[in-house]
Amino acid sequence: MKPETIPVKTPTGSYPIHLGEGVLSEAGERLAKRGFGGVCAVVTNPTVAQHHAGPLLDSLRRSGFRPVLCPIPDGEAHKTLATVAGLYDRFLSAGLERKSVVLALGGGVVGDTAGFAAATYLRGVPFVQIPTTLLAMVDASVGGKTGVDLPQGKNLVGAFKQPEMVLIDPLLLRTLPAAEFRAGLAEVLKHGIIGHPALFHALRRGDFTLPWMIAEAVKVKVRVVEADPFEGGRRAVLNLGHTFGHAFERLANFRLRHGEGVAMGLVCA
Ligand SMILES: NC(=O)c1ccc[n+]([C@@H]2O[C@H](COP(=O)([O-])OP(=O)(O)OC[C@H]3O[C@@H](n4cnc5c(N)ncnc54)[C@H](O)[C@@H]3O)[C@@H](O)[C@H]2O)c1
Ligand SMILES: [Zn+2]
């Protein structure tokens, strides 16, 4: 099936979401067509890299890029300023310049951390999201919010950074643990409830058809962030289930996945 392209309008322009099986291996070609080249950084973690970094690096090299792998440790505990500082070091020693691309290959933790590094390194370099969890595909990779946690709380430091493009390859979900997939379904369900009755009813029937489910969930998020790019008001609907959800996450000392907290939060809301 041909990849589907979903355009996202932003205050400064627009970017495409390319969604389809195999788009990971088209990354180099798609970026070269948009005029990018040379050194680029691939930020990922060891868990994701062992499965999916190979095809991405191959694709970039085929199109003449010189990709530098920049691994960060796995887990929310590493979504920190210290990890970002480590990335700046790596970017500098690799010779990343103002026009060099930073690619995030991973779940929401990698996307948020790499995005914040890309937003701030040299006052901002081009950034590409390649989400590898269901949650990151339907939620975290779209909308331009990036950032890291402080000891005092989650997501307390950040920046709006619109990506150059988002590449969603549903084949990457084959290696995702079932519990992570279920956590992502909570955000899909939320998108169904706030803006897509047919999606909601499909989930109720137990119909999780890919890539349809991802495409429809993403479109809900796109509609909301286009209407409210800087979180002035309308975007609050995306927080459905999150007030209770965050309370559950905190009560469980963050041993609950975000999506698991949201799933319970949706029941309460
Ligand atoms: N920026 C936003 O708008 C936004 C929105 C929602 C959530 N978030 C953030 O996203 C984060 C949660 O993201 P998440 O749920 O993707 O968690 P995550 O990034 O921690 O990924 C979950 C686990 O799955 C592993 N993994 C990822 N892809 C895999 C694959 N294809 N195969 C095997 N393992 C894989 C990861 O290594 C990790 O261990 C939170 O920090 C949250 O604050 C951001
Ligand atoms: Zn959420």
Side-chain angles (χ1 to χ4, degrees), residues 8 24 43-53 55-56 71-80 83 104-116 118-119 127 129-150 153-163 166 168-191 193-194 217-218 221-222 224-225 228-231 235-246 248-249 254-266 269:
V8 186
L24 178 71
V43 181
T44 185
N45 71 35
T47 317
V48 175
Q50 61 169 337
H51 299 297
H52 305 298
L56 175 60
I72 63 174
D74 191 356
E76 183 76 32
H78 301 285
K79 201 175 108 172
T80 59
T83 302
L105 175 71
V109 168
V110 167
D112 280 9
T113 312
F116 184 64
F127 174 52
Q129 289 271 21
I130 309 181
T132 63
T133 63
L134 180 60
L135 184 139
M137 289 178 182
V138 301
D139 194 353
S141 66
V142 174
K145 284 209 288 183
T146 71
V148 295
D149 304 332
L150 294 181
K154 280 186 66 174
N155 298 321
L156 290 182
V157 175
F160 283 98
K161 172 71 178 165
Q162 304 298 344
V166 181
I168 301 181
D169 189 337
L171 289 178
L172 307 191
L173 296 178
R174 286 186 178 171
T175 58
L176 188 70
E180 295 296 345
F181 188 82
R182 278 196 299 272
L185 278 178
E187 302 283 9
V188 178
L189 177 63
K190 178 193 79 182
H191 290 178
I193 295 171
I194 65 176
V218 165
K221 172 109 192 204
V222 169
V224 175
V225 300
D228 181 13
F230 296 122
E231 215 167 22
R235 210 150 152 164
V237 297
L238 295 170
N239 290 331
L240 180 69
H242 281 59
T243 309
F244 283 108
H246 287 147
F248 287 130
E249 283 181 78
F254 295 97
R255 282 189 309 272
L256 267 183
R257 289 178 179 81
H258 174 70
E260 293 168 342
V262 171
M264 298 196 294
L266 287 173

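Along the sequence shown, residues carry numbers from 1. Since this is a predicted model, take the numbers as computed values, not measurements. As the structure lists them, so they are numbered: ligands from 1, and atoms in each ligand from 1.
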Please check this pair: side chain of [X] against backbone of [Y], looking for a donor-acceptor N/O pair closer than 3.5 Å.
X: His52; Y: Val48; value: no
X: Thr132; Y: Leu172; value: no
X: Arg235; Y: Gly143; value: yes

Quiz prompt | Test item: Ile168 and Pro131 side chains (from C-beta on) under 4.5 Å apart, heavy atoms | solution = yes
Practice problem: For residues His191 and Leu238, determine if any side-chain heavy atom of one lies less than 4.5 Å from a side-chain heavy atom of the other. | Solution: yes
Using non-hydrogen atoms of the residue, decide whether [X] is closer than 4.0 angstrom to ligand 1.
X: His258; value: no
X: Pro177; value: yes
X: Lys221; value: yes

Self-check item: Option of least heavy-atom distance to atom 39 (O) of ligand 1 (set: Asp74, Leu134, Val48)
Solution: Asp74
Structural part of [X] in contact with ligand 1, heavy atom criterion under 4.0 angstrom:
X: Lys79; answer: side chain
X: Glu187; answer: neither
X: Leu176; answer: both
X: Thr132; answer: both
X: Asp112; answer: side chain
X: Thr146; answer: neither

Exercise. Please say which of Val110, Thr44, Val43, Asn45 ends up in a side-chain contact (heavy atoms from CB on, under 4.5 Å) with Leu105.
Key: Thr44
Quiz item: So, His258 versus Glu76: side-chain donor-acceptor pair below 3.5 Å or not?
Solution: no
[X] to ligand 1: N or O pair under 3.5 Å?
X: Asp139; value: no
X: Asn45; value: yes
X: Thr175; value: yes

Practice problem: Can you sort out which atoms of ligand 1 are near His52, meaning under 4.0 Å from one of its heavy atoms? | Solution: 31 (N)
Exercise. For atom CZ of Phe248, decide whether the heavy atoms of other residues, nucleotides or ligands shown that lie under 6.0 angstrom number more than 12.
Key: yes
Quiz item: Is atom 25 (C) of ligand 1 less than 4.0 angstrom from some protein heavy atom?
Solution: no
Quiz item: How far is atom 16 (O) of ligand 1 from its nearest protein heavy atom, and which residue and atom name does that atom have?
Solution: Thr133 OG1, 2.6 Å
Quiz item: For the Zn ion (ligand 2), what is the closest N, O or S atom on Glu187?
Solution: OE2
